Amino acid sequence: IPWPQLGKAALAAIAAGAGIFALRAGLQGTWGGLPEGFLWRVLPLAVAGLLFVIGYVAVLYATGVRPLRVLAAMRSRRVV
């Protein structure tokens with residue numbers, strides 16, 4: 001098990017999750033004024049998900065993990 005890489009990924013997930021929690025706590029009343037409807041109910045969740053992904057990848061880059069390089073390495077090890 002690659003513990004250093006696993007630790008970096010966990011750190012990135014925790015940091016991104018904490019950022020989303022802080023953002024939702026700070027903007028709690030903002031989303032309440034949206035109109036009714038499916039699209040308007042999904043919009044806050046989509047924004048939070050997008051911000052989580054951006055934060056996760058940013059923290060991975062800051063800790064030295066290059067996600068595209070990791071994905072490329074996984075692809076080259078695939079057994080046919």
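Note that the coordinates shown come from a computational prediction; the quantities given were computed from them, not determined experimentally. Residue indices begin at 1 and follow the sequence shown.
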Legend entry - Atom pair CG/CG of L45 and L50 - distance to nearest 0.5 Å: 11.0 Å
Inset, instruction - Specify the closest pair of heavy atoms between A48 and I20, including all atoms of both residues, with the distance to one decimal. - result: O-CD1, 3.3 Å
Legend entry - V65 reachable from L11 in the ILVMFWY side-chain graph, under 4.5 Å edges: no
Legend entry - Heavy-atom closest pair, residues T63 and K8: O-NZ, 3.3 Å
Inset, instruction - State, to 0.1 Å, how close R41 and P44 come at their nearest heavy-atom pair, and which atoms those are. - result: O-CD, 3.6 Å
Inset, instruction - Using the test side chain to side chain contact (heavy atoms under 4.5 Å, CB included), find all partners of Y61 that sit at least two apart in sequence or belong to another chain. - result: V57, R66, P67
Legend entry - Hphob cluster co-occupancy, V42 + V53, side-chain heavy atoms under 4.5 angstrom: no
Inset, instruction - Quick one: closest heavy-atom pair of A16 and Y56, and the distance? - result: CB-N, 3.6 Å
Legend entry - side chain to side chain contact (heavy atoms under 4.5 Å, CB included) partners for A15, two or more places apart: V59
Legend entry - Distance (rounded to the nearest 0.5 Å) between I14 CD1 and F21 CZ: 14.5 Å
